[in-house]
Amino acid sequence: MKKISSLLLVGALLGAGFFAAGQAVGGQQSDPTAASAWKAGNEDGGGNFLSYCMPCHGDTGKGDGMLSEDLDVKPRNLSSPKFLSSKSDKYLFKVIKDGGASVGLTENMTPFAEQLSDKEIRNIIAYLRKEICKCEFKED
Ligand code: HEC
């Protein structure tokens, strides 16, 4: 039950973001600055990280987002270079697009295939490398 309710909460949260995006794209926004701010967020990995990943992983990726306390399996600390440099971009892409369950992890790490384009996912991975872990993939 606990897990289901937190997933619903995430759904509601992401749904709200989606609604805002729809409004901006539909040109209904009266404030052009707000619309362009959203648009920038939509294209840029950092903006999307804050919209879609921060609720669980936290703004600096440490795994301490506001939803994290309700999750039985805790979000990963993405700011750890040791952790993220052991993961290839191809692997990260799959986890983000198809979700944790697709690689044998918890379904608390939800799939983003519906919310994010392939390009947006690649931009988030670039943001993770440049700003969150400040690390590159190192093959061992
Ligand atoms: C609903 C909460 C939630 C959201 C939202 C979320 N994650 Fe996660 N994420 C998790 C949890 C929980 C784990 C830990 C999975 C495990 O260890 O089984 C995780 C794990 C990960 C991992 C590590 C996978 C591994 O091999 O251990 C990456 C990378 C990741 N998330 C990236 C992201 C990105 C990027 C986003 C935004 C597009 C995101 N997550 C959004 C909960 C979330």
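Nothing here was measured: the structure is a model prediction, and the numbers come from that model. Atoms within a ligand are numbered from 1 in the order they appear, just like the ligands themselves. These numbers come from the heavy atoms of this one structure, side chains and all, not from hydrogens, waters or symmetry mates.
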Which of the numbered atoms in ligand 1 are under 4.0 angstrom from any heavy atom belonging to [X]?
| X | result |
| --- | --- |
| Phe83 | 23 (C), 25 (C), 26 (O), 27 (O) |
| Tyr52 | 5 (C), 37 (C), 41 (C) |
| Leu78 | 22 (C), 28 (C), 29 (C), 30 (C), 32 (C) |
| Lys87 | 26 (O) |
| Cys53 | 34 (C), 35 (C), 36 (C), 37 (C), 38 (C), 39 (C), 41 (C) |
| Val73 | 12 (C), 16 (C), 17 (O), 18 (O) |

Looking at every heavy atom in both Asp44 and Gly46, which two are closest together, and how far apart are they?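 So the two residues come closest at OD1-N, 3.0 Å.
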
So which heavy atom on Lys97 is nearest to which on Pro111, and how close? O-CB, 3.5 Å

Is it the case that ligand 1 has an N or O less than 3.5 angstrom from some N or O of [X]?
| X | answer |
| --- | --- |
| Thr110 | no |
| Asn108 | no |
| Arg76 | yes |

Measure the acute angle between the ring planes of Phe49 and Tyr127, then classify it against the limits of 30° and 60° as parallel, tilted or perpendicular. tilted

Please name the atom of His57, restricted to N, O or S, that is closest to atom 8 (Fe) of ligand 1.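 Answer by atom name: NE2.
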
Side-chain contact, heavy-atom cut-off 4.5 Å: [X] with [Y]?
| X | Y | result |
| --- | --- | --- |
| Ser68 | Pro75 | yes |
| Arg129 | Phe137 | yes |
| Leu84 | Arg76 | no |

To the closest 0.5 Å, what do you measure between CZ (Phe93) and CZ (Arg122)?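 Spacing of CZ (Phe93) from CZ (Arg122) equals 5.5 Å.
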
Going by heavy-atom distance to atom 25 (C) of ligand 1, choose the closest among Asn48, Leu105, Leu84. Leu105

Taking the minimum heavy-atom distance to atom 43 (C) of ligand 1, which of Gly100, Cys56, Gly45, Cys133 ranks first? Cys56

Keeping Lys74 on the side-chain end and Glu69 on the backbone end, is there a donor-acceptor pair under 3.5 Å?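 Yes, because the side chain of Lys74 sits within donor-acceptor range (under 3.5 Å) of the backbone of Glu69.
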
Any donor-acceptor N/O pair, His57 side chain to Leu78 backbone, under 3.5 Å: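 No: the side chain of His57 does not pair with the backbone of Leu78.
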
Ile96 near ligand 1 by a heavy-atom separation under 4.0 Å: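 Yes, that is the case, since the closest heavy atom of the residue is under 4.0 Å from the ligand.
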
Location of contacts on [X] toward ligand 1, heavy atoms closer than 4.0 Å:
| X | result |
| --- | --- |
| Lys74 | backbone |
| Leu92 | side chain |
| Phe49 | neither |

Residues Leu116, Asn48; criterion side chain to side chain contact (heavy atoms under 4.5 Å, CB included); working and verdict: CA-CA 9 Å; Leu116 298 167; Asn48 279 330; 4.0 Å; yes

Same apolar cluster (I L V M F W Y, side chains within < 4.5 Å links), Tyr91/Ile132: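 Per the 4.5 Å side-chain linkage, Tyr91 and Ile132 are co-clustered.
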
Looking at atom 8 (Fe) of ligand 1, is one of the N, O or S atoms of Met109 less than 2.8 Å from it? yes

